[in-house]
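Just below is one structure, and these are the notes that go with it.
Values in this document were obtained by computation on a predicted structure and should not be read as measured data. Just so we're on the same page: letters track the sequence lines, and every chain starts at 1. Side chains included, hydrogens not; waters and symmetry mates left out as well; all remaining heavy atoms used.
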2 protein chains.
Amino acid sequence: MPKQVDHDQRRRQLTEALLRIAGTRGLRAVSMREIAAEAGVSLRVVQYYFTDKQALLDSGLTELTARLDRRVRQRAAATTGELSARSVLEAVLGAILPTDEQSRLDSLAWTAYYTAALTDPALAATALIRPDALEDFLTTRLTTAQQAGDLASERDPRTEVATLLALANGLTASVLGRQRSHEAATAIIDYHLDRLFEPTATLWPPPD
Amino acid sequence: MPKQVDHDQRRRQLTEALLRIAGTRGLRAVSMREIAAEAGVSLRVVQYYFTDKQALLDSGLTELTARLDRRVRQRAAATTGELSARSVLEAVLGAILPTDEQSRLDSLAWTAYYTAALTDPALAATALIRPDALEDFLTTRLTTAQQAGDLASERDPRTEVATLLALANGLTASVLGRQRSHEAATAIIDYHLDRLFEPTATLWPPPD
DNA sequence: GCTGTTAGGATACGATCGTATCCTAACAGC
DNA sequence: GCTGTTAGGATACGATCGTATCCTAACAGC
């Protein structure tokens, strides 16, 4: 076996180049030649390590999913000891919102993929999977919190989780569009969580 | 002046063809020739009525904005007499969520435009305007409701409105991705509004 | 009826795209 | 040292893109 090259490393290098382009200039700007230029290799190398463009796009989507998953887990792990449902929610939602430049680029690329998948059957199967696992996990957490008395009994945990995830996605869109800062988005989520975990009975009657 | 043709009508016809393509096959599939085919005219006609592709895209975006605006106003007008803040919010949020096939197509096209604008300076100026007018209008409505005692005094009207709009956008994304039905999305919004307009003091103490 | 403008048919331009092909330098195994 | 495989350079393919150009049929104004 001559000229040993780490194929996985090569593919990673090219996938990262693709995601940089997608995050800065959009999926529209992603072409085989642009990826080659961004990765500093020739067009032939891109062709050599991926059978076709679709395989490259699939790889980008897989990497993006892995990155988001990693971010969520890292945030969750960072709240060691802190096992309250609220801190878990804060970690997950904080991982979804773009904060630094890198997560902004990834979030942009993800949005581009999601939107493309809405009208592209080749991407739909991979990009439009329902985030069931995350929703189930958070719902379980919230149900436990409710049983412990940390959440008002008339609240529905699953609906609350669905609300929070949709809210985080909606806020992400506005942050990407620079309509609000990520701090402003975080403040809105905190406000919402404040109301969610408020004691059931307020002590003063409504003024009338 | 020979051969009188209604230019505005022609441009509308072409703009609608563009939006049909954008809503079904994405902005990616929008080309001068595809628009011509969709509108049932020759390429030359498309060129004749729009100086270039960018002008056509701008026209599509303008029309889309007008349609959304029209939908919101129609829903608002349909709740005649019903002047409660909640019914106004229901009307606006219901107009944002895709319900029938037409609003789904428009919502898809809008999402495609918004996403493209995130990485395309030529669209950014028009597509990424902050929806200040709507947010201000709803905030004023909610503030009035609060003064009338329909909203708990510790709620912040502007944050609540921002939350609702972001929630509606997030839910729209999930409806477009067929991750939930528009009925399920509406139920989530109703649930949220139930909590928002709940009497301040609940009558029972939290179980502990 | 002649003339000038308008609406649009026909065709071609260079650029860029994904993909295919051909070829060679470099090295592992014998 | 010869041989066969691998990694990648060079180049070309047909398709499609936005745009430009050339030309003519149809009609309003005189």
Does the pair A/Arg25 and B/Thr119 meet the rule for a side-chain hydrogen bond (donor to acceptor under 3.5 Å, both in side chains), with working shown? CA-CA 5 Å; A/Arg25 287 178 289 147; B/Thr119 50; over 6 Å; no

Evaluate side-chain hydrogen bond (donor to acceptor under 3.5 Å, both in side chains) for B/Asp100 paired with B/Ser103, printing each intermediate quantity in order. CA-CA 6 Å; B/Asp100 55 4; B/Ser103 60; 2.6 Å; yes

Would you check, one step at a time, whether the test side-chain hydrogen bond (donor to acceptor under 3.5 Å, both in side chains) holds for B/Thr143 with B/Thr140? CA-CA 5 Å; B/Thr143 304; B/Thr140 303; 6.0 Å; no

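Rounding to the nearest 0.5 Å gives a distance of 8.5 Å between OH of A/Tyr49 and CG of A/Leu14. Taken to the nearest 0.5 Å, the CG atom of B/Leu151 stands 11.0 Å off from the OG1 atom of B/Thr144.
In this entry D/dT24 has C/dA7 as its Watson-Crick or G-U wobble partner, both defining distances falling under 3.5 Å. Base pairing of D/dT19 is made with C/dA12, judged by Watson-Crick or G-U wobble geometry with both donor-acceptor distances under 3.5 Å. Look at D/dC30: its Watson-Crick or wobble partner, with both distances under 3.5 angstrom, is C/dG1.
The stretch residues 13-27 of chain A does not touch DNA chain C, since none of its heavy atoms comes less than 4.0 Å from the strand.
Applying side chain to side chain contact (heavy atoms under 4.5 Å, CB included) to A/Leu64 and the options A/Leu19, A/Thr15, A/Leu18 leaves one that passes, A/Leu19.
Across all non-hydrogen atoms, the minimal contact from B/Leu171 to B/Ala185 is CD1-O, 3.6 Å.
Considering only side-chain N and O atoms, B/Tyr48 lies nowhere under 4.0 angstrom from the phosphate OP1 or OP2 of C/dG8. Contact between the side-chain N/O atoms of A/His7 and the OP1/OP2 oxygens of D/dA7 is found at a separation under 4.0 Å. Remark: A/Arg44 is not in phosphate contact with C/dA20, judged by side-chain N or O atoms under 4.0 Å from OP1 or OP2.
Under the 6.0 Å distance and 45° angle rule, A/Arg195 counts as a cation-pi partner of A/Tyr191.
Taking 4.0 Å as the cut-off between side-chain N and carboxylate O, A/Arg71 and A/Asp106 count as a salt-bridged pair.
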Once base and sugar-phosphate atoms are separated, protein heavy atoms under 4.0 Å mark nucleotides 11-18 of chain D, 5' to 3', with B, S and - as -B----BB

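Contact annotation for A/Phe50: no contact, since no heavy-atom pair falls under 4.0 Å across all strands.
If you take CZ of A/Arg10 and P of D/dT6, they are 17 Å apart, rounded to a whole angstrom.
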